[in-house]
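Below you'll find the structure, written out as structure tokens, and then a few comments.
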Amino acid sequence: MRTLVTAEFPVESVRSKFPALKRAAPFVYFDNAAGAQSPQNVLDAVAGHLLDFNVQRGGRYAKSVEVDRVVATARQTVATWLNAPDASEVCFGMNATSFIRIVSLAIGQTLKPERSEIIITDLDHDANVATWLALKREGATFTWWKMRDDGRLHVEDLIPLLSSKTRLVACTAVSHALGSLVDVPAVAKAAHAVGAELFLDSVHFGPHALIDVQAWDCDYLVCSGYKTFSPHMGFMWGKREKLIALPTFREDFIPDEPPYKIEAGTFVYENVAGMSAAVDYLEGLGRDLSAPGASQTPRAYIETAMTAIQAYELTLSRELLGVLAQNNATIYGVSDPDEAHLRVPTISFNLEGKDPGQVVERMADAGFGIRDGHMYAPRLMARLGLGMDRGCMRASLVHYNTVDEVRGFGEALKTVIRGL
């Protein structure tokens, strides 16, 4: 990766670009896995679209033509962020879950008895599990790739499960609940070795590290903008030849080619404009951090930004693991600060003898927004020995959070523990 100008991540400069942080102060956003805040340029893009171009695309008048331009620009911008070779491989819609269902329905229509096995995991969000299990009536069979007790998926456990019967492997790039990173290129290589495809849930990965669909060699990828500093929207990427082959629902006047064959109905154009602006924000951050003489392309700036973000978030992970350990928390997944490079700063935990809901309510009173519950992952809760009615707590940070916030969180947690 490219050399950075600054030795320290410019977090205060970053924070100044997010108006919600100042407006909410002293409240601290530690629930970013459920939705991150948006920088000012994203807010401007959404508001500007609604004020000036809130019309349907496809018309001959200037405002409608502008909507077409905004969507086309966003498609190219997101393609650059993903390192997609062709912008037509990027399909916009409502959310990642709906795209998983679109692909699962198509896969279900093309299953063959000799290749009908789908490999799913007990680490994933249920959207990337139940959606595939629904194909049982289409003749699909299922094999579970199980995480180890360290809260991670290990590729060496996947390889023996793969065979000529495997149609597809569906997994996450990083756990939305435990923060555990997955070795995506190794998963793709193993799946392709037996002729299978890789479907990747990258919703939680987007804000934390660099996505590169060409280096990863996945076949399909879904993402939602709301965790990556954009409004609520979703998009899917797929290798063009894979998308062409998918049987999908479309109205008769829609071309049978990507991206149009995937984009059923009207999506939210202003939020697509916001997603494009979110990528622009990351590109701008990379431009500010780039070394003299470094490559000056949008993709290169994004690489710089995401490299810096990942390095900074490593510090946040180590700090958060430390304050949780000081409070005798049970941390699920990677808990050793020396192994923090194996995770992102999304950490689920419990406190012995304390009700998660009560702790989260008291922490809210103390000015910290964290989450409790089953994290939409019933199989994961079962593996952790946690009931769906209680689950665990989760603190999830992104690059606009600070070490001081983490330390304040630790002090507030101590006070809450003493009061319960």
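Please read all numbers here as calculations on a predicted model, not as lab measurements. Residue indices begin at 1 and follow the sequence shown.
With hydrogens and angles ignored, the 3.5 Å screen pairs no side-chain donor or acceptor of Lys136 with any backbone N or O of Phe142. Side-chain N or O atoms of Asp288 include none that pairs as donor or acceptor with a backbone N or O of Leu285 at under 3.5 Å. No donor-acceptor distance shorter than 3.5 angstrom exists from the side chain of Asn83 to the backbone of Val213, with no hydrogens or angles considered. Proximity of a side-chain donor or acceptor of Thr97 to a complementary backbone N or O of Ala127 within less than 3.5 Å is not detected. Within the 3.5 Å criterion, the main-chain N or O of Gly234 finds no donor-acceptor partner in the side chain of Asn95. The closest donor-acceptor contact from the side chain of Lys63 to the backbone of Phe53 lies at 3.5 Å or more, if one exists at all. Using modelled atom types, no side-chain atom of Thr166 and backbone atom of Leu168 make a donor-acceptor pair closer than 3.5 Å. In this structure a side-chain-to-backbone donor-acceptor pair under 3.5 Å is missing from Ser276 to Thr77. Side-chain N or O atoms of Thr297 include one that pairs as donor or acceptor with a backbone N or O of Ala300 at under 3.5 Å. Checked by atom type and distance alone, the side chain of Arg343 never pairs as donor or acceptor with a backbone atom of Ser317 at under 3.5 Å.
From Ile331, atom CD1 reaches atom CG of Asp336 across 10.0 Å, with rounding to the nearest 0.5 Å. In this structure, CE in Met275 is found 6.5 Å from CE in Met233, a value given to the nearest 0.5 Å. Taking CG of Asp219 as the start and CD of Glu241 as the end, the distance is 8.0 Å to the nearest 0.5 Å. Atoms OG1 and NE2, on Thr131 and His125 in that order, are 9.5 Å from each other to the nearest 0.5 Å. The OG1 atom of Thr248 lies 7.5 Å from the CD1 atom of Ile102; values are rounded to the nearest 0.5 Å. Atoms CG and CH2, on Leu210 and Trp81 in that order, are 10.0 Å from each other to the nearest 0.5 Å.
When the shell of 6.0 Å around NZ of Lys189 is examined, it contains 12 or fewer heavy atoms from other residues, nucleotides or ligands. Taking a 6.0 Å sphere around CG of Asp149, one finds it holds 12 or fewer heavy atoms contributed by other residues, nucleotides or ligands. For CZ of Phe267, the number of neighbouring non-hydrogen atoms (other residues, nucleotides, ligands) closer than 6.0 Å is greater than 12.
In this structure, the side chains of Asn350 and Tyr332 come closer than 4.5 Å at one or more pairs of heavy atoms. Under the 4.5 Å side-chain criterion, counting only non-hydrogen atoms from C-beta, Leu178 is in contact with Met147. Taking 4.5 Å as the limit, every side-chain heavy atom of Glu405 sits out of range of all side-chain heavy atoms of Leu397. Inter-residue side-chain proximity for Val78 and Phe235 is flagged as met; some heavy-atom pair is nearer than 4.5 Å. With a 4.5 Å cut-off on side-chain heavy atoms, Gln310 and His208 do not count as touching. Looking at heavy atoms from C-beta onward, Asp201 lies out of side-chain contact with Phe99 at the 4.5 angstrom threshold. Put simply, the side chain of Val187 reaches to within 4.5 Å of the side chain of Cys171, judged on heavy atoms. Under the 4.5 Å side-chain criterion, counting only non-hydrogen atoms from C-beta, Val70 is not in contact with Tyr269.
Using a 4.0 Å cut-off between charged nitrogen and carboxylate oxygen, Asp31 and Arg394 count as a salt-bridge pair. Taking 4.0 Å as the cut-off between side-chain N and carboxylate O, Lys414 and Glu411 count as a salt-bridged pair. Checked for salt-bridge contact, Arg299 and Asp212 meet the test: a charged N lies under 4.0 Å from a carboxylate O. Using a 4.0 Å cut-off between charged side-chain N and carboxylate O, Lys146 and Asp157 make no salt bridge. Ion pairing of Lys239 with Glu89 is absent here, as no side-chain N (NZ or NE/NH1/NH2) approaches a carboxylate O to less than 4.0 Å. For Glu339 and Arg152, the salt-bridge test fails: no basic side-chain N is under 4.0 Å from an acidic carboxylate O.
Annotation for His399 and Phe9: closest pair O-CE2, 3.6 Å, computed over non-hydrogen atoms. Of all non-hydrogen atoms in Thr346 and Ala33, the two that sit nearest each other are CG2-CB, 4.4 Å. Minimum heavy-atom separation, Leu246 to Ala106: CD2-CB, 3.6 Å. Taking every heavy atom of both residues into account, Arg390 and Lys354 meet most closely at NH2-O, 3.6 Å. Closest non-hydrogen pair, Met375 versus Ala177, comes out as CB-CB, 4.1 Å. Counting all heavy atoms, side chain and backbone alike, Gly58 lies closest to Asp68 at N-OD2, 3.3 Å.
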Under the side chain to side chain contact (heavy atoms under 4.5 Å, CB included) rule, what do Leu200 and Phe205 come out as? Steps first, then yes or no, please. CA-CA 10 Å; Leu200 200 63; Phe205 190 93; over 6 Å; no

Criterion side chain to side chain contact (heavy atoms under 4.5 Å, CB included) on Arg167 and Thr110, from CA distance to verdict: CA-CA 10 Å; Arg167 174 68 174 81; Thr110 59; 3.6 Å; yes

Check the pair Thr266 / Gln56 against side chain to side chain donor-acceptor pair (under 3.5 Å), numbers first and verdict last. CA-CA 9 Å; Thr266 298; Gln56 181 60 276; 3.2 Å; yes

Side chain to side chain contact (heavy atoms under 4.5 Å, CB included) for Phe229 and Val42? Distances and angles first, verdict last. CA-CA 8 Å; Phe229 321 115; Val42 170; 5.5 Å; no

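For Ser88, the side chain to side chain contact (heavy atoms under 4.5 Å, CB included) partners at least two apart in sequence or on another chain are Asp86, Arg240, Pro259. For Asp372, the side chain to side chain contact (heavy atoms under 4.5 Å, CB included) partners at least two apart in sequence or on another chain are Pro356, Val360, Met393.
A side-chain donor from one of Asp217 and His192 sits under 3.5 Å from a side-chain acceptor of the other. For the residue pair Thr315 / Arg318, no side-chain donor-acceptor distance below 3.5 Å is found, with atom types taken as modelled.
Taking the six-membered ring where tryptophan is involved, the planes of Tyr226 and His232 are essentially parallel, since the angle between them stays under 30° and well short of 60°. Between Tyr220 and Phe199, the angle of the ring planes lies from 30° to 60°, which puts this pair in the tilted group.
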